[in-house]
Colleague: 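One structure is given below, represented as structure tokens, and several questions about it will come after.
Any value given below was found using the heavy atoms of this structure, including those in side chains, with hydrogens, waters and symmetry copies removed.
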Amino acid sequence: MPREHHYRTTVTWTGNNGTGTSNYRAYGRDHEVSAEGLPPLPGTADPAFRGTADRWNPEQLLLASLAQCHMLSYLALCALAGVVVTGYADDAAGTMAEDGKGGGRFTEVVLRPRVEVASADDLERARALHHDAHEKCFIANSVNFPVRHEPVVTVRDA
């Protein structure tokens with residue numbers, strides 16, 4: 001029987017510089033993303049949209065969510081398949097295109113996981129499990145743009 005999971009977050013705008021949104025340049029884009037029991041995450045808009053570079057923006061968070069979800073799905077599948085992963089890092093990249101009308105959308109995300117496995121016997125299986133992880137990833141299954149994978153799998157140095 002399928003289960004449902006429910007999530008709650010709070011986004012609080014902290015960028016009122018005294019005159020609210022009296023004009024486009026009058027307010028800050030700073031905000032906090034929070035959830036019960038977790039430290040707040042400082043957020044802002046992308047610097048291209050008057051945000052600051054020292055806080056997370058929604059586009060980065062979407063990209064991070066895709067990379068995290070893929071990693072967690074992948075590690076679980078490796079554990080279940082007996083593939084021992086000893087290291088994992090992902091240099092993910094995303095492209096967002098503006099539509100010229102004040103909006104836009106992501107057109108693609110490329111995940112570039114660098115995976116280290118304990119045994120050369122697991123190299124091919126470790127590579128193949130990226131496809132399965134993509135199929136299982138909740139976040140990748142929720143977006144309407146391509147999420148590609150360019151994994152590199154190596155064997156841990158002896």
Side-chain angles (χ1 to χ4, degrees), residues 1-80 85-116 126-127 129-154:
M1 171 188 269
R3 297 183 298 168
E4 286 187 348
H5 303 271
H6 302 272
Y7 303 92
R8 296 179 60 94
T9 61
T10 300
V11 175
T12 306
W13 177 48
T14 59
N16 184 347
N17 294 326
T19 61
T21 58
S22 59
N23 72 61
Y24 188 74
R25 296 180 183 276
Y27 66 96
R29 278 49 176 184
D30 290 358
H31 58 274
E32 287 188 347
V33 179
S34 59
E36 188 174 327
L38 298 173
L41 184 65
T44 191
D46 182 295
F49 306 108
R50 303 195 54 79
T52 59
D54 62 343
R55 291 172 164 250
W56 288 91
N57 66 56
E59 295 81 10
Q60 290 169 317
L61 293 171
L62 176 61
L63 185 60
S65 292
L66 284 161
Q68 285 177 280
C69 187
H70 182 82
M71 179 191 70
L72 294 168
S73 297
Y74 179 78
L75 294 176
L77 290 172
C78 285
L80 293 171
V85 174
T86 57
Y88 188 109
D90 189 342
D91 295 316
T95 302
M96 185 185 75
E98 293 184 59
D99 63 11
K101 298 181 260 179
R105 63 184 293 273
F106 269 80
T107 58
E108 178 182 58
V109 162
V110 180
L111 304 180
R112 293 184 178 95
R114 294 181 320 280
V115 179
E116 182 183 83
R127 286 185 188 104
L129 284 171
H130 281 284
H131 172 76
D132 298 343
H134 176 70
E135 296 296 318
K136 302 279 187 216
C137 175
F138 305 133
I139 308 300
N141 283 307
S142 301
V143 299
N144 65 353
F145 53 83
V147 179
R148 292 190 304 110
H149 306 89
E150 297 175 357
V152 173
V153 182
T154 59

Colleague: Which value, rounded to the nearest 0.5 Å, describes the distance between Glu32 atom CD and Thr14 atom OG1?
Modeller: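 Going from the CD atom of Glu32 to the OG1 atom of Thr14 covers 6.0 Å.
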
Colleague: Indicate the atoms forming the closest heavy-atom contact of Tyr7 with His5, along with that distance.
Modeller: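 Minimum heavy-atom separation between Tyr7 and His5: OH-CB, 3.5 Å.
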
Colleague: Can you tell me if Glu150 has over 12 outside heavy atoms packed within less than 6.0 Å of its CD?
Modeller: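 Count over threshold, so yes.
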
Colleague: I'd like to know if the side chain of Glu116 pairs up with that of Thr86 as donor and acceptor (distance under 3.5 Å, no hydrogens or angles considered).
Modeller: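 Indeed, the side chains of Glu116 and Thr86 share at least one donor-acceptor pair under 3.5 Å.
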
Colleague: For residues Asn57 and Thr44, is any side-chain donor paired with an opposing acceptor at under 3.5 Å?
Modeller: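 Side-chain D/A pair, Asn57 to Thr44: absent.
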
Colleague: Quick check: closest heavy atoms across Asn141 and Glu135, and the distance to 0.1 Å?
Modeller: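 Looking at all heavy atoms of both residues, the closest pair is ND2-O, 3.0 Å.
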
Colleague: When rounded to the nearest 0.5 angstrom, what is the spacing between NE2 in His134 and CG in Leu66?
Modeller: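 Nearest 0.5 Å value for the NE2-CG distance: 9.5 Å.
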
Colleague: Output yes when Asp91 and Arg114 qualify as a salt bridge under the 4.0 Å nitrogen-oxygen rule, no when they do not.
Modeller: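 Yes, charged N to carboxylate O under 4.0 Å.
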
Colleague: If you look only at distance, which donor and acceptor atoms sit under 3.5 Å apart when one is on a side chain in residues 72-80 and the other is two or more places apart or in another chain?
Modeller:
| unit_1 | atom_1 | unit_2 | atom_2 | d |
| --- | --- | --- | --- | --- |
| Ser73 | OG | Cys69 | O | 3.0 |
| Tyr74 | OH | Ala126 | O | 2.8 |

Colleague: Do the non-hydrogen side-chain atoms of Leu62 and Phe106 ever get within less than 4.5 Å of each other?
Modeller: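 They are in contact (side-chain heavy atoms under 4.5 Å apart), so the answer is yes.
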
Colleague: Could you report the tightest heavy-atom contact between Ala133 and His70, atom names first, then the distance?
Modeller: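 Heavy-atom minimum between the residues: CB-CE1, 3.7 Å.
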
Colleague: Rounded to the nearest 0.5 Å, what separates atom CG in Leu61 from atom CD in Gln68?
Modeller: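 It comes to 9.0 Å.
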
Colleague: Count the heavy atoms of every other residue, nucleotide or ligand shown that sit under 6.0 Å from CZ of Phe138, and state whether that count exceeds 12.
Modeller: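 No, because the 6.0 Å sphere around CZ of Phe138 holds 12 heavy atoms or fewer from other groups.
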
Colleague: Measure the CG-CE distance between Asp90 and Met71 for me, rounded to the nearest 0.5 Å.
Modeller: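 Those atoms lie 9.0 Å apart.
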
Colleague: Side-chain contact test, heavy atoms from C-beta onward, threshold under 4.5 Å: evaluate it for Val147 versus Ile139 and give yes or no.
Modeller: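 With C-beta onward as the side chain, the pair stays apart.
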
Colleague: Counting the benzene-type ring for Trp, do His131 and His149 have ring centres under 6.0 Å apart?
Modeller: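 Distance test on ring centres: not under 6.0 Å, no.
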
Colleague: Could you tell me if the side chain of Phe145 sits less than 4.5 Å from the side chain of Thr107, heavy atoms only?
Modeller: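 No - every pair of side-chain heavy atoms lies 4.5 Å or more apart.
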
Colleague: Do the ring planes of Trp13 and Tyr27 sit parallel (below 30°), tilted (30 to 60°) or perpendicular (above 60°)?
Modeller: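 Judged by the thresholds at 30° and 60°, the geometry between Trp13 and Tyr27 is perpendicular.
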
Colleague: For the NE2 atom of His6 and the CZ atom of Arg3, what is their distance to the nearest 0.5 Å?
Modeller: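 Nearest 0.5 Å value for the NE2-CZ distance: 11.5 Å.
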
Colleague: Who passes salt bridge (Lys or Arg N to Asp or Glu O under 4.0 Å) against Arg105, sequence neighbours left out?
Modeller: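 By the salt bridge (Lys or Arg N to Asp or Glu O under 4.0 Å) rule, Arg105 matches no residue at all.
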
Colleague: Do His130 and Val115 come close enough that some side-chain heavy atom pair is under 4.5 Å?
Modeller: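 A side-chain contact under 4.5 Å exists here.
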
Colleague: Any carboxylate oxygen within less than 4.0 angstrom of a Lys/Arg side-chain nitrogen, looking at Arg148 and Glu108?
Modeller: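 Yes, charged N to carboxylate O under 4.0 Å.
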
Colleague: With distance as the sole test, does His31 use its side chain to make a donor-acceptor pair with the main-chain N or O of Arg29 at under 3.5 Å?
Modeller: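 Here the side-chain-to-backbone pair exists.
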
Colleague: Please report the interatomic distance CG(Asp30) to CG(Asp54), rounded to the nearest 0.5 Å.
Modeller: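 The CG atom of Asp54 is 7.0 Å from CG of Asp30, to the nearest 0.5 Å.
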
